[in-house]
Q: 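The structure under discussion is supplied below as structure tokens; questions concerning it will follow.
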Amino acid sequence: MTRRISRLMAIGIAIAGLATATTAQSTQRPDTKKAESPDGKWTLSAETPHGSMDFGLMLKVEGAKVSGTFATPQNGDIPIAGEYTNGTLTFQMTTAPEGYPALSFKARLKDDGTLAGTMSSDANDMVFVGKRAK
């Protein structure tokens, strides 16, 4: 009888130890939260040679591939294409409207959820900040 009680106690202790180890293991897992994607609608504010201007940006991110539109007050929606890899977003206009400079863009999605980067033409680089459009 004593042997049987000892055996049951040993089994109970083993089960309790396994439960404790499993709980400790699940609370010590590294944070596997994925970085947020820039996919969606944005409002960009930029300092241009013509002063402060706002632009629209619609991004569709599929894997590393980026497509969408860049919207200007003068020319409406302009198609863009590029990529999003290692937290860096790069894209360019696929066609520029007549008389409008062909722009290329480079930005990073910041911890606060904004986009920060530059849009570049042959003439100059312009800094912009993007916020998600509502």
Q: Atom CG of N124 and atom OG1 of T48: how far apart are they, to the nearest 0.5 Å?
A: 8.5 Å
Q: What class does the angle between the rings of F105 and F91 fall in, given that below 30° is parallel, 30 to 60° is tilted and above 60° is perpendicular?
A: parallel
Q: Find out whether I80 and S67 are in side-chain contact, i.e. whether some heavy atom of one side chain is under 4.5 Å from a heavy atom of the other.
A: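 Sidechains of S67 and I80: no contact.
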Q: Which residue pairs satisfy the ring-ring contact (aromatic ring centres under 6.0 Å, His included) criterion with at least one member in residues 42-69, sequence neighbours excluded?
A: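 Applying ring-ring contact (aromatic ring centres under 6.0 Å, His included) to every pair that reaches into residues 42-69, excluding sequence neighbours, yields F55-F70.
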Q: Out of curiosity, L57 CG to T72 OG1, how far, rounded to the nearest 0.5 Å?
A: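 Nearest 0.5 Å value for the CG-OG1 distance: 12.5 Å.
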Q: Among L109, L59, T90, find the one that has a side chain to side chain contact (heavy atoms under 4.5 Å, CB included) with Y84.
A: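 It is L109, the one option of L109, L59, T90 that forms the side chain to side chain contact (heavy atoms under 4.5 Å, CB included) with Y84.
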Q: Please report the C-alpha distance between K106 and Q92 in whole Å, then the side-chain angles of each, then the deciding distance to 0.1 Å, and finally whether the side chain to side chain contact (heavy atoms under 4.5 Å, CB included) criterion is met.
A: CA-CA 9 Å; K106 184 173 185 177; Q92 56 280 331; over 6 Å; no
Q: Are L89 and V61 in one and the same hydrophobic cluster, where Ile, Leu, Val, Met, Phe, Trp and Tyr link if side-chain heavy atoms are under 4.5 Å apart?
A: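 Linked, L89 and V61 end up in one cluster.
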Q: If you measure from CZ on F128 to OG1 on T43, what distance do you get to the nearest 0.5 Å?
A: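 So the gap between those two atoms works out to 12.0 Å.
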Q: Side chains of D54 and S45 only: does a donor on one sit below 3.5 Å from an acceptor on the other?
A: yes
Q: Whether the side chain of S121 engages the backbone of A123 through a donor-acceptor N/O pair (distance < 3.5 Å, no angle test) should be reported.
A: yes
Q: Does a donor on one side chain and an acceptor on the other come within less than 3.5 Å for N86 and T88?
A: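 Their side chains do not contain a donor-acceptor pair, so the 3.5 Å distance test is not met.
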Q: Does the E47 side chain pair with the main chain of V127, one donor and one acceptor, at a distance under 3.5 Å?
A: no
Q: For A116 and K110, work out which heavy atoms get closest and say how close.
A: CB-CD, 3.4 Å
Q: Only one of D112, T114, L115 passes side chain to side chain contact (heavy atoms under 4.5 Å, CB included) with K131; say which it is.
A: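 The residue from D112, T114, L115 that satisfies side chain to side chain contact (heavy atoms under 4.5 Å, CB included) with K131 turns out to be T114.
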Q: To check you understand the geometry: which heavy-atom pair defines the closest contact between L44 and G130, and what is its length?
A: CD2-CA, 3.5 Å
Q: Nearest 0.5 angstrom please: M126 CE to S52 OG, how far?
A: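 Rounded to the nearest 0.5 Å, the CE-OG separation comes out at 12.0 Å.
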Q: Applying the 4.5 Å side-chain criterion to the ILVMFWY set and letting contacts propagate, would Y100 and M58 be lumped into a single cluster?
A: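 No, separate clusters.
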Q: Before giving the answer on salt bridge (Lys or Arg N to Asp or Glu O under 4.0 Å), spell out for E36 and R132 the whole-Å C-alpha distance, their side-chain angles and the decisive distance to 0.1 Å.
A: CA-CA 12 Å; E36 192 172 335; R132 289 204 184 268; 3.1 Å; yes
Q: Would you call M119 and M93 a side-chain contact if the rule is heavy atoms closer than 4.5 Å?
A: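 A side-chain contact under 4.5 Å is absent here.
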Q: Are D122 and P101 close enough that some pair of their side-chain heavy atoms sits under 4.5 Å apart?
A: no
